[in-house]
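Data first, discussion second: the structure below is written as structure tokens.
Nothing here was measured: the structure is a model prediction, and the numbers come from that model.
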Amino acid sequence: MNAKIGIRPIIDGRKAERENLEEKVMSMAVAAKELIEGNLKYLDGTPVQCVIADTTISGSAQARDCAEKFSKENVTATLSVTSCWCYGSETMDTDPNTIKAIWGFNGTENPGAVYLAAAMAAHAQKGYPAFSIYGKDVQDKSDTSIPEDVQEKILQFARCAVAVGTMKGKSYVNVGSVSMGIQGSYCDDQFFQKYLGIRPEFVDMTEVLRRMKNEIYDEEEYKRAYEWTRKNCKDGFDNNKPEIQHTAEQKEEEWKFVVKMTMIIRDIMLGNPRLKELGYYEESLGRNAIAGGFQGQRMWSDWQPVGDFAEAILNSSFDWNGVRKPTILATENDTLNATSMLFGQLLTNSASVFADVRTYWSPEAVERVSGWKPEGLAENGFIHLINSGAAALDGSARSKDSEGKPCMKPWYEMKEEDVTACLEATQWCPASAGYFQGGGFSSQFYTKAEMPVTLMRVNLVHGVGPTLQIAEGYTVVLPEEVHDILNQRTDPTWPTTWFAPRLTGEGAFSDVYSVMANWGANHGSFSYGHIGKELITLASMLRIPVSLHNVERKDIFRPHCFAGFGTADLESADYRACQAYGPLYR
């Protein structure tokens with residue numbers, strides 16, 4: 001059952017007041033429900049569902065009835081609405097397992113703002129962080145519309161709350177263990193359980209080989225998948241020295257291997273009812289995964305085809321079965337970058353792109369090696385986002401929005417021409433033998449578009465816990481000859497995105513170099529659009545402080561009680577509040 005938003009219409013219980021306001025308050029609840037359901041979708045593409053209390057709530061008895069109803073409906077968050085004074089501590093949501101917000105109507109006839117303020121004080125004193133929603137402009141009592149600024153906050157709250165509810169009770173599947181000593185590969189089960197509500201699962205990479213050897217996969221689907229792959233996945237150039245290149249026969253066997261590998265990893269994570277029909281009941285169940293990672297290097301890639309194809313295809317919005325929800329699979333089992341990818345997917349319903357945060361190119365360095373002085377979005381320099389060929393093909397930016405502009409779409413909006421364009425923009429180069437002795441193929445594309453994206457990274461810091469870094473910016477298109485010169489200085493068989501963060505002139509965003517210098521790890525993920533404000537709201541719900549961001553102060557929306565930890569330095573207040581309240585799940 002998908003996570004739902006519960007709406008609680010709050011009212012003054014005195015007879016004269018109730019009769020005067022019953023219709024108004026219930027109309028607010030209905031309007032909020034229609035707003036959310038008409039604008040937000042779950043990961044599966046269906047509209048987000050809201051549940052309204054059976055009656056208005058004027059005291060603890062009706063609050064109890066509402067809570068009992070919501071407990072049966074998988075309500076993950078509650079939005080209380082009112083246009084009048086009510087009795088705060090008697091009507092508030094005291095369920096410690098729900099995320100809370102209150103919309104107080106800004107009208108002069110009845111003091112909805114007074115209730116809102118009193119209820120926020122009660123939430124703060126009782127230790128229940130809650131979001132305060134209050135319109136900037138006074139409305140007439142008869143006005144049943146939701147002002148634009150209120151709409152924005154309701155939707156931001158609901159979108160992030162649904163993300164929290166979607167993660168709860170799912171699993172993260174570690175296929176393998178730690179890759180090359182990368183600390184993010186060490187799965188911190190306390191982080192997943194207490195902050196995200198996710199159960200870590202562990203599967204040895206030999207399980208992939210067992211299923212391959214014993215043919216524990218759908219043979220009919222494999223034939224279809226292999227045919228689709230060889231038809232649509234173009235062979236790329238072999239950058240290896242002639243003496244170590246694999247033969248055409250070896251490469252063909254590797255293609256067969258990586259297609260089977262992709263199906264098997266998907267089945268491990270998500271299950272497959274077809275396996276039950278084949279006599280493999282346990283294997284058919286899957287692991288209830290919402291995300292996972294594949295170790296790969298080096299215990300696998302030293303002798304088996306690299307996992308790039310499986311990672312790239314699973315992370316994309318399509319495969320041989322057509323358009324479908326991306327399945328997050330992190331390269332090198334970087335669990336923390338998988339979490340970043342998951343945050344991006346939950347807030348956009350589209351693919352997330354895994355990348356190394358590889359190189360900062362200053363304007364001076366670019367001009368020195370290429371003769372071209374950066375201009376436009378690139379004028380202050382940029383960061384080379386590139387990895388070993390496992391990025392979602394959506395990152396090629398060949399999909400088009402309704403205006404014909406390059407974009408990355410929610411998966412359920414992908415059209416056949418989008419899929420075709422992404423495939424045509426990608427070639428599959430034989431893996432670099434110096435890294436991957438077992439062979440295989442790396443996706444190779446160039447994000448040849450200027451589009452808004454948000455780069456993000458979850459880190460674990462000793463003594464602090466999890467933190468989140470956010471950098472809104474744009475993908476950059478370089479002159480073809482400049483791109484070639486810069487790209488050839490690293491492995492040209494991997495996908496490349498040139499990223500220019502939006503600068504603010506302050507702190508870590510005073511220049512591009514500072515963004516790179518303050519980045520917390522060697523990996524990051526990016527999602528389409530500027531979603532920094534949503535990420536900040538989501539992080540506050542999970543009690544994860546944000547250590548770096550370039551979101552405008554006016555767009556920051558956290559629980560009202562966070563102001564009790566300071567208003568001048570919001571970053572420090574965020575840290576203190578998250579420490580005081582602790583992780584969402586105890």
Side-chain angles (χ1 to χ4, degrees), residues 182 184 331-332 334 336-337 340-341 344 352-370 372-392 395-397 406 408 444-459 468-479 482-492 494-532 535 546-551:
I182 294 173
T331 301
E332 295 157 356
D334 187 340
L336 298 180
N337 215 46
S340 307
M341 296 169 73
S352 298
V353 180
F354 187 108
D356 281 356
V357 183
R358 179 62 66 105
T359 308
Y360 161 64
W361 277 100
S362 68
E364 295 77 14
V366 173
E367 188 171 12
R368 179 180 64 81
V369 302
S370 72
W372 176 71
K373 184 176 181 179
E375 57 188 34
L377 292 173
E379 67 176 344
N380 295 307
F382 44 85
I383 296 171
H384 195 178
L385 303 179
I386 182 172
N387 72 351
S388 59
S396 64
M408 292 168 59
Q444 193 260 12
F445 60 73
Y446 172 23
T447 307
K448 204 171 183 180
E450 291 184 350
M451 63 180 184
V453 295
T454 302
L455 183 69
M456 66 199 84
R457 170 73 188 187
V458 173
N459 298 296
L468 177 64
Q469 295 183 312
I470 301 164
E472 294 183 342
Y474 296 87
T475 59
V476 173
V477 179
L478 305 182
V482 177
H483 164 77
D484 290 340
I485 291 171
L486 271 55
N487 206 45
Q488 287 294 330
R489 293 174 70 98
T490 183
D491 195 318
W494 298 345
T496 277
T497 301
W498 307 108
F499 171 68
R502 190 182 69 245
L503 302 179
T504 65
E506 299 178 350
F509 289 91
S510 59
D511 52 57
V512 179
Y513 173 82
S514 296
V515 177
M516 178 80 175
N518 284 282
W519 203 250
N522 54 309
H523 292 151
S525 74
F526 69 83
S527 296
Y528 181 74
H530 289 160
I531 59 170
L535 285 165
V546 177
S547 62
L548 178 149
H549 74 82
N550 55 349
V551 177

Looking only at heavy atoms, what is the nearest atom pair of Gly395 and Val353, with distance? CA-CG2, 3.8 Å

Measure from the side-chain N and O atoms of Thr454 to the backbone N and O of Ile531, and report whether any donor-acceptor pair falls under 3.5 Å. yes

Can you sort out the partners of Asp491 under salt bridge (charged side-chain N to carboxylate O under 4.0 Å, His left out), two or more places apart, ordered by chain and number? none

Any side-chain heavy-atom pair of Phe382 and Leu486 under 4.5 Å: yes

What distance do Arg358 atom CZ and Thr490 atom OG1 have between them, rounded to the nearest 0.5 Å? 4.5 Å

Checking Ser340 against Ser525: is there a side-chain donor and acceptor pair closer than 3.5 Å? no

First locate atom CE of Met456, then atom CG of Leu468, and finally report the distance between them rounded to the nearest 0.5 Å. 8.0 Å

Does the side chain of Ile386 come within less than 4.5 Å of Asn487's, by heavy atoms? yes

How close do Ser514 and Ser510 get, heavy atom to heavy atom, and via which atoms? OG-OG, 3.7 Å

Using 0.5 Å steps for rounding, measure from the CG atom of Leu385 to the CZ atom of Phe526. 6.5 Å

Under 6.0 Å from the OH atom of Tyr360, do we count more than 12 heavy atoms belonging to anything else shown? yes

For the side chain of Glu472 and the backbone of Val551, is there at least one donor-acceptor N/O pair under 3.5 Å apart? no

Could you measure the distance from the CH2 atom of Trp372 to the NE2 atom of His483? Nearest 0.5 Å is fine. 12.5 Å

Determine whether Phe354 and Asp334 make a side-chain contact, defined as any pair of heavy atoms from C-beta on separated by less than 4.5 Å. yes

Just verifying a value: how many Å separate Thr331 OG1 and Ile182 CD1, rounded to the nearest 0.5 Å? 9.5 Å

Considering non-hydrogen atoms only, spot the tightest contact between Asp356 and Asn387 and give its length. N-CB, 3.7 Å

Side chain proximity check, Thr447 to Trp498, heavy atoms < 4.5 angstrom: no

OG/Ser396 to CE/Met408 distance, rounded to the nearest 0.5 angstrom? 8.5 Å

Just so I know, are the side chains of Phe509 and Leu548 near enough to count as touching, which here means a heavy-atom distance under 4.5 Å? yes

Classify the ring geometry of Tyr474 against His530: parallel below 30°, tilted from 30° to 60°, perpendicular beyond 60°. perpendicular

Heavy-atom distance under 4.5 Å between the side chains of Val512 and Ile383, does that happen here? yes

Minimum-distance pair of heavy atoms, taken over all atoms of Arg489 and Val369: NH1-CG1, 3.7 Å

With sequence neighbours left out, the residues meeting ring pair (Phe, Tyr, Trp, His ring centres under 6.0 Å) with His549 are none

For Leu478 and Tyr446, the nearest pair of non-hydrogen atoms, with its separation, is N-OH, 2.9 Å

Hey, does Val458 have a side-chain heavy atom less than 4.5 Å from the side chain of Asn337? no

Closest non-hydrogen atom pair, Gly344 against Ser527: CA-OG, 3.3 Å

